[in-house]
Number of protein chains: 2
Amino acid sequence: MSSAVRTRRSRPGRPRHVPAVDDTLSPRDQILDASARLFVGRGFANTSTREIADAVGIRQASLYYHYAGKEEILGELLSRTVRPTLDQIEKIEDIAAESGWAAALYALVMIDSKTLVDAPHNSGLLAICPDVTSLEMFKPYRSTLRDLCAAYERFGRAVASVPYVSGVRLEHEVSIVVRYRAEGDVVSVRDRHVIAAGVLRACGATREEIEIAAAVSWAELLEDE
Amino acid sequence: MSSAVRTRRSRPGRPRHVPAVDDTLSPRDQILDASARLFVGRGFANTSTREIADAVGIRQASLYYHYAGKEEILGELLSRTVRPTLDQIEKIEDIAAESGWAAALYALVMIDSKTLVDAPHNSGLLAICPDVTSLEMFKPYRSTLRDLCAAYERFGRAVASVPYVSGVRLEHEVSIVVRYRAEGDVVSVRDRHVIAAGVLRACGATREEIEIAAAVSWAELLEDE
DNA sequence: GTCTATAGTCTGATAGAC
DNA sequence: GTCTATCAGACTATAGAC
């Protein structure tokens, strides 16, 4: 603390015509949160920059000080929805090496599902909507999602006592989280364990293998939940 | 046939500035097909009536002779995507009475998945997009889809040797068809049998029960495939 | 049945004051 | 950092000619 005790009650710049609802969040994050809610609630293409501004409590033009446009907002939203899982995928590869593929696959499901549960306003839904996926800027996210499916497929095939395993199919089972949330339901940790068990079961794992995988992945991830 | 042998080369009304691509289809169906392709490819909210008209080969204003607007086109599209399954649900109830719940559930999956496979341009995707689901006109379809999930839940619980069965979850497993198609893949009859088996398995059915259900539902439905 | 022409609305984006 | 003011472009929908 310097000698300036000045509590930052008034910030630099002209004051808003409506005060911020939650000023613990940066303006950028306020915009992001409002956008997520609107994009998921009414669709990306169907949401105007004016509606976003209204929800935040600023004028439409003021958005452009923080973001270059609607697509840049969407981009940051998608990043935060997809990245967390892939950032942890190295850690999961380690689990595979130490404790086997079943434990690794179980851990992947638990992490991926947590990402989807934590996504603000269920923004994971956006990644399958044509008005989003047809955008040029979506390409990198599409390839990221392909990587994720590829990981599911590798893990699943290593576990499998079953002829064919499709990565897309396994990832789809996890994406039930998005469906539940869209339906208004809350997805618990228990629900996610059920999903993880279902994925392993789809790969032909036995009940015992699944229970071991659950225990190991819990120990390895030092779950905080 | 009257005395007028006149082959209908030129139809009533002013000719189009571009001739129809496929004049075996009625103008209404030409519009419907082009709309499905565009809605699924670029999003409903993101598709303008001009683009639809261009795809059909008529002027933007001419659409309004056939449909009251974009939403009416969407409505007919949704009807054709959802109705076929529910229309056959009585038939399936009969199977349940005669041959048991497992056979009925298997049949439900086969019929529902066929509806999704047959939906032109994968239009089943529309029913989960916010720009569609947030429309006032979507309400009846939402309740129809709830009915479908309710049917899955009833059948699933009757089959179940497993504590909890969620209708939404079972329906979600079938909706993998939409994901596959969105990925560009073709979904075969064999794929659909795999899905049906997976759904029964998720309800705790044994391998034998599944095989019997498959045989029975095939016999009862007089499948043409 | 399809055309041309056009009204009125909403949109994303920029410039400059405070 | 947010405001006011403004614009050009795209949009849906209607009216009337052919």
Side-chain angles (χ1 to χ4, degrees), chain A residues 6 8-32 34-35 38-39 42-75 131-132 134-137, chain B residues 6 8-32 34-35 38-39 42-75 131-132 134-137:
Chain A
R6 232 189 194 323
R8 283 294 200 107
R9 294 297 240 106
S10 64
R11 316 249 218 96
R14 178 169 169 171
R16 294 185 181 179
H17 76 301
V18 164
V21 186
D22 179 0
D23 67 351
T24 65
L25 262 51
S26 69
R28 264 186 84 97
D29 283 340
Q30 292 175 34
I31 294 169
L32 216 53
S35 299
L38 289 165
F39 291 168
R42 333 191 333 105
F44 171 74
N46 218 4
T47 301
S48 68
T49 53
R50 262 183 178 84
E51 288 171 305
I52 298 171
D54 285 351
V56 173
I58 60 178
R59 301 297 188 187
Q60 184 259 346
S62 303
L63 286 177
Y64 290 81
Y65 177 82
H66 301 283
Y67 291 95
K70 229 169 65 164
E71 291 200 10
E72 192 178 287
I73 299 176
L74 176 66
D131 55 344
V132 170
S134 65
L135 294 172
E136 188 63 26
M137 59 133 300
Chain B
R6 234 192 194 320
R8 283 295 197 109
R9 294 296 241 107
S10 63
R11 315 248 218 96
R14 177 169 169 171
R16 294 185 182 179
H17 77 300
V18 165
V21 186
D22 179 0
D23 67 351
T24 66
L25 263 50
S26 69
R28 263 185 86 94
D29 283 341
Q30 293 174 34
I31 292 169
L32 216 54
S35 299
L38 288 165
F39 291 168
R42 334 190 334 105
F44 171 74
N46 217 5
T47 301
S48 67
T49 53
R50 233 177 272 276
E51 289 172 304
I52 298 171
D54 285 352
V56 173
I58 61 178
R59 300 298 188 185
Q60 184 261 346
S62 303
L63 287 177
Y64 290 81
Y65 178 83
H66 302 282
Y67 291 95
K70 230 169 66 165
E71 291 199 10
E72 193 178 287
I73 300 176
L74 177 66
D131 54 344
V132 171
S134 65
L135 295 172
E136 188 64 25
M137 60 134 297

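Chain letters run A, B, ... following the sequence lines, proteins first and then strands; every chain starts at 1.
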- Message: Is the phosphate of C/dC10 approached by A/Arg50 (side-chain N or O, under 4.0 Å from OP1 or OP2)?
- Response: no

- Note on the structure: In whole angstroms, the gap separating P of D/dT2 from CZ of A/Arg14 amounts to 12 Å

- A/Arg59 side-chain N/O to D/dT4 phosphate OP1/OP2 under 4.0 Å: yes

- Message: With rounding to the nearest 0.5 angstrom, report the CD to CG distance, B/Gln30 to B/Asp23.
- Response: 7.5 Å

- Let me know, please, whether A/Ala61 or A/Glu51 comes out on the 5' side of the other along DNA chain C by nearest nucleotide. A/Glu51

- Go through B/Leu135 and B/Leu74 one step at a time and tell me if the side chain to side chain contact (heavy atoms under 4.5 Å, CB included) criterion holds. CA-CA 11 Å; B/Leu135 295 172; B/Leu74 177 66; 3.7 Å; yes

- To the nearest Å, how far apart are A/Asp23 CG and D/dT2 C1'? 16 Å

- Whichever of A/Ser48 and B/Gln60 has the more 5' nearest nucleotide on DNA chain C, that residue is B/Gln60

- Query: Is it true that a side-chain atom of A/Arg42 and a backbone atom of B/Ser134 form a donor plus acceptor pair closer than 3.5 Å?
  - Reply: no

- Could you state the NZ-C1' distance from A/Lys70 to D/dA10, rounded to the nearest angstrom? 13 Å

- Item | Protein-nucleotide distance (A/Asp131, atom CG; D/dC11, atom C1'), rounded to Å | 17 Å

- Task: Quickly work out the A/Glu72 CD to C/dG12 C1' distance and round it to whole Å.
- Result: 14 Å

- Once you round it to whole Å, what is the distance between P of C/dC3 and CG of B/Leu63? 10 Å

- Task: Find the distance between CG (B/Asp54) and CD (B/Gln60) and round it off to the nearest 0.5 Å.
- Result: 9.5 Å

- Specify the residue among B/Gly13 and A/Gly57 whose closest nucleotide of DNA chain D lies further upstream toward the 5′ end. A/Gly57

- Presence of A/Arg16 side-chain N/O under 4.0 Å of D/dT2 phosphate oxygens OP1/OP2: yes

- Message: Run the side chain to side chain contact (heavy atoms under 4.5 Å, CB included) test on B/Ile73 and B/Phe39 for me, step by step, so that the C-alpha distance in whole Å, both residues' side-chain angles and the decisive distance to 0.1 Å come before the verdict.
- Response: CA-CA 10 Å; B/Ile73 300 176; B/Phe39 291 168; 4.3 Å; yes

- Rounded interatomic separation in angstrom, taking OH from A/Tyr64 and P from D/dC3: 15 Å

- Query: Looking for any heavy atom pair under 4.0 Å, which part of the strands does B/Ser26 touch: base, sugar-phosphate only, or nothing?
  - Reply: nothing

- Message: Please confirm whether the shortest side-chain N or O distance from A/Thr49 to OP1 or OP2 of C/dG12 is below 4.0 Å.
- Response: yes

- Note on the structure: Checking D/dA13, D/dT2, C/dA13 against the side chain of A/Ser62 (C-beta onward), the nearest is D/dT2

- Separation of atom CG in B/Asp54 from atom P in C/dC3, rounded to whole Å: 11 Å

- Message: Please tell me if A/His66 has a side-chain N or O lying less than 4.0 Å from either OP1 or OP2 of D/dT2.
- Response: yes

